[in-house]
Structure formats: C-alpha cells, structure tokens
Amino acid sequence: MRRQILNLPENAPAEALEGLALTNPTLIAYDRERGIVTRAVPAHDKVGLVSGGGSGHEPLHAGFVGHGMLDVAVPGAVFASPTALQVQEGTVAADSGRGVVQIVKNYTGDVLNFRIAGELAGDDAVATEVVLVDDDLATQRDAGPGRRGTAAVLMVEKICGASAEAGADLGAVAGLGRRVARNARTLAFALSAGTHPGETVPSFTLDAGEVESGVGIHGERGTGRVPFADADTLTDHLVDPLIAELGVARGSSLIAIVNGLGSAYPMEVSVAARAVHHRLADRGITVARSLAGSYVTSLDMVGISVTLLPADADLLPLWDAPVRTPALTW
C-alpha cells in the first residue's frame with residue numbers, strides 16, 4: 001500500500017501550488033480563484049509565455065514561472081487538462097501588449113482547451129501563437145494524434161523565455177519554439193509506475209526483472225518491456241534510438257536533459273546522466289549543455305527520460321541566458 005502525505009486527495013494540486021507560492025513569494029503568486037500561477041511581479045513590454053497541463057508532473061509547469069521562462073502556468077487536476085476558461089485567464093494575464101505564445105504539450109485535452117482559449121483571448125484582443133510540443137519518440141506512428149509532449153517542453157520554455165526577455169517579437173518567439181519542438185526527441189523507461197493521490201496501487205505493475213520501455217508522463221504503459229539491467233545498459237536503450245532518429249553524426253553537439261520521473265532519487269539520476277555523457281562521447285558527440293534532475297515527472301514513477309536537441313549555435317546563448325524560477329535558476 002502506498003501511503004501519501006496528503007489531506008484530501010482532490011485538494012492536493014491546489015494545496016501544493018499554494019505551498020509553492022508561499023515558499024517562493026518573490027518569484028510567483030498563486031491565484032486559486034482563477035486557477036493560475038503568475039510571476040510575483042508581472043513583466044512589461046515583452047512577449048508573454050503561458051503553458052499548462054495536468055498536475056502530477058511537478059515542478060512542471062508552475063515551477064518554471066519567472067524571469068527567463070514562463071509568465072503564467074495553468075494547472076489542471078492530476079493528469080487532466082486545465083479548462084479553456086483557465087487557459088483564457090492565463091493568456092490574458094500573460095499579455096503585456098506584445099502578444100502571448102501558448103506552449104502546449106500534445107495531448108488531446110490540452111490541445112483542445114488551448115485552442116478554445118486562444119479564440120476567447122482573441123475576443124479580448126490578445127494576439128496569440130501556439131507552439132505544440134510533440135517529442136516522445138515512443139509514440140511516433142503514422143496514425144493517431146501524433147507524438148506525445150514530454151520533457152522537451154522544458155527546452156521550449158527556456159529558449160522561448162530567453163528570446164522573449166531579449167525583446168523578440170511574437171512571431172520570432174513562436175518560430176523559435178516550433179523549431180526546438182520539431183528537433184527535440186525524448187524516450188523514457190520505468191521500473192515502476194506512479195500512484196494517483198488517494199489510490200493505493202500504481203497505474204500499472206511489472207513482473208520481477210521487467211522494465212517498461214517507452215512510458216508516458218501520464219502513467220501510460222510503454223511500447224514494450226526489456227530485462228532489468230545495470231544503469232549503462234538501460235540508458236543505452238534510450239540514447240541509441242534517439243541518436244538514430246535525430247541522425248546525429250560524429251562531431252555534432254547536443255543539449256541533453258536527463259530527467260527523473262518522480263521517484264528516481266538524485267544519485268540514480270546522476271548515474272544515468274553519467275551513462276548518457278559516456279555513451280554520446282563514445283559516438284564522438286559532444287554534450288554542449290545538459291541538465292540532470294527531476295523536472296517533468298509522473299507522480300512517484302521510478303524511471304528516467306532522456307531528451308536530446310541538436311545544439312545549434314544560436315540556441316546556446318538563449319540556453320545560457322539568466323533564468324530565475326522556483327525550479328530552475330542560473
């Protein structure tokens with residue numbers, strides 16, 4: 001049985017957001033009535049950035065509100081899209097007169113509600129552009145809604161955020177985000193699934209010695225199972241298909257995110273990061289910039305995702321630009 005540190009399970013997302021805001025009062029504010037998280041001090045005269053989606057992926061998205069990233073985050077219930085009215089409120093709140101880029105992970109509910117909100121925001125005379133993030137290699141197929149959006153959303157938010165802070169216009173910020181989303185890919189594995197607030201069993205179970213490969217961030221099962229093995233072998237199952245998909249050649253350089261999915265503890269994430277760096281070095285590929293930590297989670301799932309993006313020269317200054325949010329600062 002999974003015991004959890006909760007009051008009423010249905011109140012967990014709102015109480016967590018309140019706690020995040022109380023812990024970071026100089027960075028963010030939580031408006032429970034409107035269901036949005038904003039910068040503590042709104043930005044002026046820049047393109048606004050808004051993103052959102054279901055709770056259960058913390059610190060995404062509220063943890064990335066602040067200078068150099070998002071202006072507003074719009075959280076839904078656990079693994080559920082925010083409403084279109086929430087997204088509209090967030091879009092209007094993010095606007096400082098130069099329009100708003102809506103960063104949307106490719107899930108049906110998110111896409112639908114952000115689309116409706118964009119139409120409603122147009123009624124409020126807010127110009128909007130949408131960046132759809134669809135990086136999950138495990139769901140790449142000809143039919144269906146396309147690849148899911150996962151940890152590449154962090155890259156989009158960081159790079160678009162830096163571009164907006166530097167004064168780029170709406171079309172330029174959105175175009176940059178689409179380029180990052182188009183070129184980034186992610187793949188994940190899990191040793192065990194997460195457990196919803198108030199539930200006592202995880203969303204799926206594995207037999208001893210099994211690892212679920214290609215899992216999603218909403219607790220979705222993967223595309224198959226591989227035998228449990230050491231960290232280097234498990235990480236190779238992620239890196240090798242990503243390199244093949246991206247067509248990265250020897251001498252290239254990448255931005256890499258090694259992401260814990262909730263209950264992989266920091267030592268494990270760092271061991272996986274080591275494996276990623278060594279595997280890429282063996283192939284003659286340079287890691288120009290990297291992050292290792294839990295940024296886009298799936299409740300308490302025990303697992304790792306790896307996201308790779310070609311490190312084009314014009315992206316690196318944007319990646320390096322200052323950022324100050326509850327979950328990411330440099």
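What you see is a predicted model, and the numbers here were worked out from it, not measured in a lab. All values below come from the heavy atoms of this structure, side chains included, with hydrogens, waters and symmetry mates left out. Numbers here are sequence positions counted from 1.
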Set out, in order, the CA-CA distance, both residues' side-chain angles and the distance that settles side-chain contact (heavy atoms from CB on, under 4.5 Å) for Ile285 and Arg250, then state yes or no.
CA-CA 5 Å; Ile285 298 166; Arg250 181 174 292 273; 5.8 Å; no
Quick one: do Asp207 and Arg225 satisfy salt bridge (Lys or Arg N to Asp or Glu O under 4.0 Å)? Show the steps, please.
CA-CA 10 Å; Asp207 292 336; Arg225 298 184 192 114; over 6 Å; no
Can a salt bridge be assigned to the pair Asp135 and Arg147 using a cut-off of 4.0 Å between side-chain N and carboxylate O?
no
Looking at side-chain heavy atoms only, is the closest gap between Ile159 and Leu176 below 4.5 Å?
yes
Evaluate the criterion salt bridge (Lys or Arg N to Asp or Glu O under 4.0 Å) for residue pair Asp169 and Arg98; output intermediate values, then yes/no.
CA-CA 7 Å; Asp169 64 25; Arg98 298 188 60 187; over 6 Å; no
Verdict with reasoning, Gln140 to Glu245, per side-chain hydrogen bond (donor to acceptor under 3.5 Å, both in side chains):
CA-CA 10 Å; Gln140 181 163 289; Glu245 168 64 19; 3.3 Å; yes
Same cluster or not: are Val104 and Val74 linked, directly or through other Ile, Leu, Val, Met, Phe, Trp or Tyr residues, by side-chain heavy atoms under 4.5 angstrom apart?
yes
Please determine whether residues Ile116 and Val92 belong to a single hydrophobic cluster, defined as Ile, Leu, Val, Met, Phe, Trp and Tyr linked transitively by side-chain heavy-atom distances below 4.5 Å.
no
For the atom pair CD (Gln88) and CD1 (Ile36), what is the distance rounded to the nearest 0.5 Å?
11.0 Å
Between CG of Leu60 and OG of Ser294, what distance do you get to the nearest 0.5 Å?
12.5 Å
Glu58 vs Thr297, side-chain hydrogen bond (donor to acceptor under 3.5 Å, both in side chains): CA-CA, chis, key distance, verdict:
CA-CA 6 Å; Glu58 291 75 19; Thr297 62; 4.7 Å; no
With the 4.5 Å side-chain cut-off for hydrophobic clustering, are Val269 and Tyr295 part of the same group?
no
Starting at CG of Asp236, measure out to CG of Asp230 and round the result to the nearest 0.5 Å.
8.5 Å
Output for pair (Phe114 CZ, Gln86 CD), nearest 0.5 Å, gives 9.5 Å
Atom CZ of Arg324 with >12 non-hydrogen neighbours under 6.0 angstrom:
no
Thr286 side chain to Ser253 side chain, donor-acceptor N/O pair below 3.5 angstrom:
no
If hydrophobic clusters are built by linking Ile, Leu, Val, Met, Phe, Trp and Tyr wherever their side-chain heavy atoms come under 4.5 Å apart, do Leu70 and Trp319 end up in the same one?
yes
Determine, stepwise, if the pair Leu120 / Leu85 fulfils side-chain contact (heavy atoms from CB on, under 4.5 Å).
CA-CA 8 Å; Leu120 295 173; Leu85 289 177; 4.2 Å; yes
With sequence neighbours excluded, tell me which residues meet side-chain contact (heavy atoms from CB on, under 4.5 Å) with His218.
His57, Phe79, Tyr107, Glu220
Got a salt bridge between Arg283 and Asp240, using NZ or NE/NH1/NH2 to carboxylate O under 4.0 Å?
yes
Heavy-atom distance under 4.5 Å between the side chains of Met155 and Ile255, does that happen here?
yes
Flag side-chain contact, heavy atom, 4.5 Å: Glu210 against Phe228:
no
Step by step, would you call Asp314 with Arg179 a salt bridge (Lys or Arg N to Asp or Glu O under 4.0 Å)?
CA-CA 12 Å; Asp314 62 326; Arg179 176 178 142 206; 2.7 Å; yes
Does the Asp300 side chain pair with the main chain of Ser263, one donor and one acceptor, at a distance under 3.5 Å?
no
Taking the side chain as everything from C-beta on, heavy atoms only, tell me whether Leu17 gets closer than 4.5 Å to Pro75.
yes
What's the spacing between Asn259 CG and Ser305 OG if we round to 0.5 Å?
3.5 Å
Main-chain N/O of Leu315 paired to Asp312 side chain as donor or acceptor, under 3.5 Å:
no
Working for side-chain hydrogen bond (donor to acceptor under 3.5 Å, both in side chains), residues Asp136 and Thr186:
CA-CA 5 Å; Asp136 182 18; Thr186 299; over 6 Å; no
Just do the side-chain hydrogen bond (donor to acceptor under 3.5 Å, both in side chains) check on Ser51 and Glu157 with the steps written out, would you?
CA-CA 8 Å; Ser51 190; Glu157 290 175 3; 3.3 Å; yes
Worked verdict on Thr235 versus Arg279 for side-chain contact (heavy atoms from CB on, under 4.5 Å):
CA-CA 9 Å; Thr235 306; Arg279 185 62 168 171; over 6 Å; no
Would you check, one step at a time, whether the test side-chain contact (heavy atoms from CB on, under 4.5 Å) holds for Val133 with Ile103?
CA-CA 7 Å; Val133 183; Ile103 301 171; 3.9 Å; yes
With side chains defined as the heavy atoms from C-beta onward, is the minimum distance between Leu254 and Val287 less than 4.5 Å?
no
Looking only at non-hydrogen atoms, find the nearest pair between Leu20 and Pro326 and report the distance.
CD1-CB, 4.2 Å
With the 4.5 Å side-chain cut-off for hydrophobic clustering, are Tyr265 and Ile304 part of the same group?
no
Stepwise, does the salt bridge (Lys or Arg N to Asp or Glu O under 4.0 Å) test hold for Asp134 with Arg182?
CA-CA 8 Å; Asp134 58 347; Arg182 184 170 61 249; over 6 Å; no
Rounded to the nearest 0.5 Å, how far apart are CZ of Arg185 and OG1 of Thr150?
10.0 Å
